[in-house]
Amino acid sequence: MKRKLNKKNMHNIKDIRDNIDNFIQLISKRNVKLDKNNIIELDQKNRKLIKEKENLEKEKKEISKTKNKALFQKSKKISLEINKINELQLETKKKLDNLLSSIPNIPLNDVPEGKDDNSNEEIEKKGTIRNFEFKPKPHYELGTSLDMMDFELASKTTGSRFVFIKNKFALLERALSNFMLDNHINKNGYTEISPPLMASENTMFGTGQLPKFETDQFEVKLDDKNDRKFLIPTAEVILTNMVKDRILSKKDLPMRLVASTPCFRKEAGSYGKDTKGMIRQHQFYKVELVSIVEPQNCVQELERMTKCATGVLDLLKLPYRKIVLSTGDMGFSAEKTYDIEVWLPSENKYREISSCSSCSSFQARRMKARYKNDKKETLYVATLNGSGLAVGRALIAILENYQEEDGSIVVPDVLKPYMNNLEKISNN
RNA sequence: GGAGAGAUGGCUGAGCGGUUGAAAGCACCGGUCUUGAAAACCGGCAAAGGGGCAACUCUUUCCUGGGUUCGAAUCCCAGUCUCUCCGCCA
C-alpha cells in the first residue's frame with residue numbers, strides 16, 4: 001500500500017495554535033528553533049482556503065439536489081473553481097505538514113535539559129562490581145581464544161561488523177534470548193510475537209525511522225521500484241506498528257508485546273567507533289519490549305518497563321546503572337528515556353545494554369493508532385519501547401563479568417537450565 | 001508464475017447512478033423489567049477537517065489515485081492489498 005507520508009503529523013496543529021509560544025518554548029529544550037510566523041501564516045492560509053473550498057462545495061451540492069437543468073452549467077464552472085483552490089490548499093497543507101513532521105517529541109518536565117549526553121543524569125546503581133585478581137580480558141579475546149567467536153571468518157563471508165558465534169557461545173546466546181523471553185512472558189505479562197524482519201516504508205515512517213533517518217537503514221533491493229522494504233533496525237518498528245490504522249477498544253489496553261529478533265543497522269556515522277569486538281555490529285539479536293497504553297499511563301508504564309529490563313540484569317547478577325537521558329540526547333520520538341548500562345570490566349566502564357522510552361502519542365499519530373476511552377471518545381494511544389535486553393551486549397557482559405583467569409566462562413545460575421546444566425564454558 | 005473472486009463503520013455484512021454517512025446483525029453505552037444477574041424490550045453509537053464561547057453547524061471520507069456525470073460506495077481506467085484454485089518451493 002502506497003501512502004503519502006506527509007499526510008500525518010506528529011504534532012497536532014490545533015494544540016500548537018492554542019498556545020504557540022508555549023509550544024515553541026518546549027521544543028526549544030530540544031535545541032530546535034521554530035519559526036513562529038511561518039507556522040501561523042501557513043495555518044491561517046490553509047484554513048482560509050478550506051473555508052472557500054467548502055462554501056463552493058456546498059453550493060455545488062445544492063445544485064445537484066435540485067436537479068435543475070438550468071443550473072448544471074454553473075455547477076460545472078464551480079467544479080473548476082474548486083479544483084483550483086483545492087490545489088492551492090493541498091500545497092499549503094503539505095508545507096505545513098513537512099514543517100510539523102520535522103519537529104521532535106516534547107520532553108517531559110522532569111527530563112534534564114542539555115545539549116548532549118553530558119547532561120544525562122545517573123539515577124541508580126546496582127549490583128556488585130567484581131574485584132578481579134587478574135586483568136580481565138575483553139570479550140573478543142575470550143571468544144577468539146576459545147574459538148567460539150570468529151570475526152575474520154565473518155569479514156570473509158560478509159564484511160566488517162559481523163561475527164560468527166560458534167559452539168557453546170551460540171548456545172549461550174540462545175539461552176540468553178530464551179531466558180529473557182520466558183521472564184517477560186511468564187513474569188511480566190508480555191505476549192510473545194515472532195514478527196516479520198522486514199518492514200514497509202510506511203511502517204518505518206510510523207515509528208519515526210523514516211524519512212529522517214533513512215541512511216541508518218538497510219533497504220532490501222526489490223524488483224518493483226515502487227515497493228520499498230527495510231530490514232528492521234529493532235523489533236520496536238514492527239511490534240509498535242501492529243496497532244497501525246486501528247481503533248482499539250479500551251479492554252485491549254495495555255497491550256504488552258515481546259519479541260526476540262535480529263536487528264540490522266548501518267551504523268552510519270559510527271565509523272571508527274567500537275570497531276573491535278561485537279559491541280557495535282550491523283546485525284545483532286535483541287529482545288524488545290513494546291507497550292501500547294492509554295496516554296495517561298505512559299509514565300508509570302515507562303517505570304514498569306524499565307524494571308522489567310533491569311530485572312533481567314538482577315537475575316543475571318550483572319552490575320548496572322540507570323540513567324535518564326537529557327533533552328539533547330533523547331531519540332526523536334521519545335518524551336523520556338532511561339538508558340540502562342551494564343558494567344564491562346575490560347573497558348572499566350558502563351555500556352548501554354537497554355534503552356526504554358515513552359513516546360507518548362507521537363508515534364501513534366503517525367500510525368493512526370487510536371482507542372476508545374470510557375467516554376467513548378476516540379483518542380490516540382501511547383506507545384513505549386525498550387530493550388529487554390540487547391542479547392549481543394548481554395552476551396558480552398556475561399563473558400567479561402563471568403570470566404576466569406584461564407579464559408573459561410562460568411555459566412550464571414539462571415542460565416544453566418537453558419544450557420543443559422552446563423557449569424562452565426571452556427576449551428575442554 | 002497461470003486462472004478466478006473480492007476490498008464498505010470497532011467487527012460481520014447489505015447496497016451497485018440521486019435525502020446512502022450508508023440496511024441488518026454482533027460488540028459497546030444508557031434505560032425499562034429483576035433482590036441481583038441473564039434474557040427480553042426501548043433508545044444511543046463512524047472518522048477527519050472547517051466555523052462557533054456554546055447548543056450546534058458545514059465539508060470530506062464506502063482500499064488508493066485518476067476519469068465519466070449536474071450528481072458516484074455504485075460506471076470506466078490504473079495501482080495496492082487480500083482470498084481461492086493450479087504450478088514451484090523451505
Please report, rounded to the nearest Å, how far the P atom of B:G49 is from the CG atom of A:L49.
18 Å
Which whole number of Å gives the distance between the P atom of B:U59 and that of B:G4?
43 Å
Write down the distance separating the C1' atoms in B:A48 and B:G21, rounded off to the nearest Å.
13 Å
Flag the pair A:R30 and A:E113 as a salt bridge only when some basic side-chain nitrogen lies within less than 4.0 angstrom of an acidic carboxylate oxygen.
no
If I pick the P atom on B:G10 and the same atom on B:A23, what distance separates them, to the nearest angstrom?
13 Å
Taking atom P of B:G66 as reference, at what distance in whole Å does atom CG of A:N83 sit?
10 Å
Span that lies between the C1' atom of B:U20 and that of B:C76, in whole angstrom
22 Å
Find out whether A:V290 and A:V258 are in side-chain contact, i.e. whether some heavy atom of one side chain is under 4.5 Å from a heavy atom of the other.
no
Could you tell me whether A:R366 sits above the aromatic face of A:F205, with NZ or CZ closer than 6.0 angstrom to the six-membered ring centre and within 45 degrees of the axis?
yes
So, A:Q403 side chain and A:K137 main chain: donor-acceptor pair closer than 3.5 Å or not?
yes
Within the structure, does a side-chain N or O atom of A:R228 lie under 4.0 Å from either OP1 or OP2 of B:U80?
no
How close or far is atom P of B:U69 from atom NZ of A:K74, stated in whole angstroms?
20 Å
Rounding to an integer number of Å, can you tell me how far A:L379 CG sits from B:A47 C1'?
13 Å
Check whether any side-chain nitrogen or oxygen of A:S249 sits under 4.0 Å from OP1 or OP2 of B:G10, and answer yes or no.
no
Rounded P spacing from B:G13 to B:A7 in Å
10 Å
Could I get the full list of ring pair (Phe, Tyr, Trp, His ring centres under 6.0 Å) partners for A:F162, not counting sequence neighbours?
A:H282
Once you round it to whole Å, what is the distance between C1' of B:C11 and NZ of A:K372?
13 Å
So A:K65, base contact, sugar-phosphate only, or nothing? Heavy-atom distance under 4.0 Å.
nothing
Using the P atom as the point on both nucleotides, what is the distance between B:A22 and B:A73, in whole Å?
12 Å
Under 6.0 Å from the NZ atom of A:K244, do we count more than 12 heavy atoms belonging to anything else shown?
yes
Would you mind checking if A:E219 and A:R228 are paired as a salt bridge, meaning a charged N to carboxylate O distance below 4.0 Å?
yes
Watson-Crick and G-U pairing of RNA chain B, under 3.5 Å, as dot-bracket with | and [ ]:
((((((((.[[[..)..(.....]]].(((((.......))))).((((((....)))))).[[[[[..)....]]]]])))))))....
So what does A:K67 hit on the nucleic acid, given a heavy-atom distance under 4.0 Å: a base, only sugar-phosphate, or nothing?
base
With nearest nucleotides of RNA chain B determined for A:R47 and A:E57 from heavy-atom distances, which residue corresponds to the more 5′ nucleotide?
A:R47
Would you say a side-chain N or O of A:K58 is under 4.0 Å from OP1 or OP2 of B:C58?
no
Counting the atoms with a prime plus P, OP1 and OP2 as sugar-phosphate, which does A:S64 contact under 4.0 Å by heavy atoms, base, sugar-phosphate, or nothing?
base
Donor-acceptor pair, distance only, cut-off 3.5 Å: does the side chain of A:T203 make one with the backbone of A:A199?
no
With C1' as the reference atom in both, quote the distance from B:A72 to B:G67 in angstrom, rounded to an integer.
12 Å
Nucleotide B:A48, atom P - distance to CG of A:D245 in whole Å
13 Å
Could you tell me whether A:R280 and A:E267 make a salt bridge, using a distance below 4.0 angstrom between a side-chain N and a carboxylate O?
yes
Whole-Å distance between B:G71 P and A:L56 CG?
14 Å
Is the phosphate of B:G18 approached by A:K61 (side-chain N or O, under 4.0 Å from OP1 or OP2)?
no
Which residue lies more 5' along RNA chain B, comparing A:R370 with A:K53 via nearest heavy atoms
A:R370
Could you check whether the side chain of A:E54 and the base of B:G49 have a donor-acceptor pair of N or O atoms closer than 3.5 Å, going by distance alone?
yes
For atom NZ of A:K77 and atom P of B:U69, their distance in whole Å
17 Å
Rounding to an integer number of angstrom, what distance separates B:C41 and B:C33 when you compare their C1' atoms?
9 Å
